[in-house]
Engineer: 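Handing you this structure, nothing more for now.
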Amino acid sequence: MKKVFNKVLCTMLAAVLLFSLAGCAKISYVTDGAINAMGRIADGSWQDNVQESTSTEDNVIVIGTFTAGTYGGIEFASEADVVNYYVECYNNTKAQTAKYVDEDGNTQEYYAFLGEERLDVDKMLIDGKENAMLNNVVPGIVNSTFAYNTYGLPPSNNRDPLIDNDNMENGNPGAYDFRQSYFTPDDCLACNVAENADGTITIELQPKDASMSARGVDSQGRFFEVLKDLGSTVGDIFDDYSALSWASGTTDENCIVDYKGGTGKVTIDPKTGLVVEADYHMNVMVEVKHANITAIKDKNGAIYISHYIHYPAADDYLLEYKGIKKA
């Protein structure tokens with residue numbers, strides 16, 4: 001039975017992440033779907049093929065260093081100049097809108113620059129150990145139920161600029177309007193600039209690490225599509241499933257979300273001050289500690305995720321996942 005419940009614990013972790021990123025309206029839909037999918041694994045497929053996990057340091061720079069100079073006719077004397085120029089071009093880009101036709105034939109006005117996203121589960125740990133079986137199976141389960149979406153440049157709450165705001169998030173209505181960037185030089189761990197042959201420039205940025213982030217609130221939340229309140233999400237799942245409880249501590253104490261090593265790579269046309277291509281790669285570690293699942297007591301699990309957003313979104317992506325096309 002222990003083997004089965006280990007699988008269920010991993011599934012619960014994946015379901016928590018999936019709900020948070022996809023914004024699913026029904027927790028049980030995601031949780032039940034993931035558990036049912038995991039149940040298709042044969043009992044004999046579990047193998048004790050584990051390896052110890054390795055810890056990571058905080059604020060490790062993973063991109064190249066900045067060199068002052070003039071790129072694409074723009075002078076960058078400091079890293080602060082790079083961040084400020086990124087913010088300027090971000091704001092310019094999100095000021096651009098375009099007409100789209102939805103699946104009902106109605107014309108809608110959304111951001112002209114929309115993205116397409118992908119979610120990868122990199123690895124999963126149970127009590128600090130990695131298992132090859134879970135690493136092979138769980139990513140497919142999560143991806144099969146992930147709700148793909150399209151928004152403006154991150155952070156963003158909607159593709160419609162008129163409602164791209166926090167909308168009561170963090171208990172402070174109207175505090176954040178995501179048509180503008182709140183990213184600051186203090187939020188940036190590292191950055192660099194390169195000039196391209198076509199006259200565009202590419203800026204690479206790495207925000208400082210953060211934990212339990214929220215949109216607009218910290219270094220990660222001012223740069224990426226961070227998770228919402230994980231504690232309340234896990235709490236709801238534990239309330240819905242009587243087999244789940246905490247061996248010790250509270251939901252807030254036992255649920256940890258760390259953001260480390262994520263980067264953004266943004267190509268800008270200096271002639272227009274607009275972003276023409278961008279790739280955001282957010283790294284997340286979700287950990288649940290001291291979880292009881294029926295007879296299995298005090299288990300610890302972690303899931304490592306990469307969330308990618310590429311801009312601009314392909315026309316077929318917009319049509320397939322959101323039923324919209326340029327007018």
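Hydrogens, waters and symmetry mates play no part in the numbers below; they use all other heavy atoms, side chains included.
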Engineer: To the nearest 0.5 Å, what is the distance between CG on N92 and OG1 on T272?
Structural biologist: 8.0 Å
Engineer: Under a 4.0 Å N-O cut-off, is there an ion pair linking E109 with K99?
Structural biologist: yes
Engineer: Can you check side-chain contact (heavy atoms from CB on, under 4.5 Å) on Q220 and S211, steps first, answer last?
Structural biologist: CA-CA 9 Å; Q220 294 278 320; S211 296; over 6 Å; no
Engineer: Closest heavy-atom contact between K326 and A98?
Structural biologist: CE-CB, 4.0 Å
Engineer: Check whether any side-chain N or O of N196 sits under 3.5 Å from a backbone N or O of G199 as a donor-acceptor pair, and report yes or no.
Structural biologist: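 Judged by distance alone, no pair lies under 3.5 Å.
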Engineer: State which residue, out of L318, L153, I309, N149, fulfils the side chain to side chain contact (heavy atoms under 4.5 Å, CB included) condition with L114.
Structural biologist: L318
Engineer: Evaluate side-chain contact (heavy atoms from CB on, under 4.5 Å) for S306 paired with M282, printing each intermediate quantity in order.
Structural biologist: CA-CA 6 Å; S306 293; M282 180 177 71; over 6 Å; no
Engineer: Side chains of R159 and I324: does their closest heavy-atom pair fall under 4.5 Å?
Structural biologist: yes
Engineer: Any side-chain heavy atom of Q206 within less than 4.5 Å of one from V62?
Structural biologist: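 Yes, close enough: below the 4.5 Å cut-off.
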Engineer: CD/Q180 to NZ/K94 distance, rounded to the nearest 0.5 angstrom?
Structural biologist: 10.0 Å
Engineer: Below 4.5 Å, heavy atoms only, C-beta onward: do I203 and I268 meet side chain to side chain?
Structural biologist: yes
Engineer: Identify the heavy atoms of N254 and G249 that sit nearest to each other, and give their distance.
Structural biologist: ND2-C, 3.7 Å
Engineer: Going from CD on E204 to SG on C191, what distance comes out if it is rounded to the nearest 0.5 angstrom?
Structural biologist: 10.0 Å
Engineer: Determine whether the side chains of Q108 and D102 contain a donor N or O and an acceptor N or O closer than 3.5 Å.
Structural biologist: yes
Engineer: Under 6.0 Å between the ring centres of Y311 and Y151?
Structural biologist: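 Not close enough - the centres of the two rings lie 6.0 Å or further apart.
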Engineer: Might you point out which heavy atoms bring C188 and L205 nearest each other, and give the distance in Å?
Structural biologist: SG-CD2, 4.4 Å
Engineer: For a 4.5 angstrom cut-off between non-hydrogen side-chain atoms, does S213 reach F223?
Structural biologist: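 Sidechains of F223 and S213: no contact.
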Engineer: Are the side chains of N84 and P185 in touch, meaning some heavy atoms are under 4.5 Å apart?
Structural biologist: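 Heavy-atom side-chain distance check passes, below 4.5 Å.
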Engineer: If every non-hydrogen atom of P312 is compared with every non-hydrogen atom of F113, which pair is closest and at what distance?
Structural biologist: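 Result for this residue pair: CB-CE1, 3.8 Å.
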Engineer: Any donor-acceptor pair under 3.5 Å linking the side-chain atoms of H281 with those of D279?
Structural biologist: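 No donor-acceptor contact under 3.5 Å links the two side chains.
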Engineer: What distance separates I256 CD1 from E287 CD, expressed to the nearest 0.5 Å?
Structural biologist: 4.5 Å
Engineer: Any salt bridge between E253 and K289, counting N to O under 4.0 Å?
Structural biologist: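 No, E253 and K289 are not salt-bridged.
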Engineer: For D160, enumerate each residue passing the side-chain contact (heavy atoms from CB on, under 4.5 Å) test, keeping only those at least two apart in sequence or located in another chain.
Structural biologist: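 Here the qualifying residues are Y110, N158, L162, I163.
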Engineer: For the residue pair D164 and Y111, confirm or rule out a side-chain donor-acceptor distance under 3.5 Å.
Structural biologist: yes
Engineer: Show your working on side-chain contact (heavy atoms from CB on, under 4.5 Å) between R215 and D166 and close with a plain yes or no.
Structural biologist: CA-CA 8 Å; R215 286 192 187 102; D166 64 322; over 6 Å; no
Engineer: Nearest 0.5 Å please: distance from the CE atom of M285 over to the OH atom of Y304.
Structural biologist: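 If I round to the nearest 0.5 Å, the distance is 5.0 Å.
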Engineer: Testing the basics here: between G115 and A313, what is the closest heavy-atom pair and its distance to 0.1 Å?
Structural biologist: C-CB, 3.6 Å
Engineer: How are the rings of F183 and Y86 set to each other: parallel, tilted or perpendicular (split at 30° and 60°)?
Structural biologist: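 Ring orientation of F183 relative to Y86: perpendicular.
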Engineer: Are the side chains of F224 and P207 in touch, meaning some heavy atoms are under 4.5 Å apart?
Structural biologist: yes
Engineer: Can you list the residues that meet the side-chain contact (heavy atoms from CB on, under 4.5 Å) rule with K208, with sequence neighbours excluded?
Structural biologist: N59, L189, S219
Engineer: Show which side-chain atoms of residues 63-79 pair as donor or acceptor with protein atoms under 3.5 Å away, not counting sequence neighbours.
Structural biologist:
from : atom 1 : to  : atom 2 : distance (Å)
Y71  : OH     : T67 : O      : 2.7
S78  : OG     : A80 : N      : 3.4
S78  : OG     : D81 : N      : 3.3

Engineer: Describe, in one word, how the ring planes of Y176 and F178 are oriented to each other, choosing from parallel (under 30°), tilted (30 to 60°) and perpendicular (over 60°).
Structural biologist: parallel
Engineer: Before we go on, tell me: are the rings of Y280 and Y308 under 6.0 Å apart, centre to centre?
Structural biologist: no
Engineer: Could you check whether K260 pairs with D58 (Lys NZ or Arg NE/NH1/NH2 to Asp/Glu carboxylate O, under 4.0 Å)?
Structural biologist: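 Looking at D58 together with K260, the answer is yes, because their closest N to O distance falls below 4.0 Å.
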Engineer: Checking N157 side chain against N165 main chain: does a donor-acceptor pair fall under 3.5 Å?
Structural biologist: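 Side chain of N157 to backbone of N165, a donor-acceptor pair under 3.5 Å: yes, one is there.
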Engineer: Side-chain donor-acceptor pair under 3.5 Å between D269 and T200, yes or no?
Structural biologist: no
Engineer: Compare every heavy atom of K322 with every heavy atom of T150, then report the nearest pair and how far apart it is.
Structural biologist: CG2-CG, 3.5 Å
Engineer: Begin with the C-alpha distance, continue with both residues' side-chain angles, and end with the deciding distance and a verdict on side-chain contact (heavy atoms from CB on, under 4.5 Å) for N91 and S181.
Structural biologist: CA-CA 6 Å; N91 294 345; S181 174; 3.9 Å; yes
Engineer: For the residue pair L119 and E117, establish whether any side-chain heavy-atom pair is separated by less than 4.5 Å.
Structural biologist: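 L119 does not reach E117 side chain to side chain.
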Engineer: Are any of the side-chain nitrogens in R222 or D187 under 4.0 Å away from the carboxylate oxygens of its partner?
Structural biologist: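 Here R222 pairs with D187 in a salt bridge, since their nearest N and O are under 4.0 Å apart.
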Engineer: Side-chain contact test, heavy atoms from C-beta onward, threshold under 4.5 Å: evaluate it for L274 versus C89 and give yes or no.
Structural biologist: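 Counting from C-beta outward, L274 and C89 never come under 4.5 Å.
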Engineer: Would you give the length of the straight line joining atom CD of E116 to atom CD of E320, rounded to the nearest 0.5 angstrom?
Structural biologist: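 Reported value, rounded in 0.5 Å steps: 10.0 Å.
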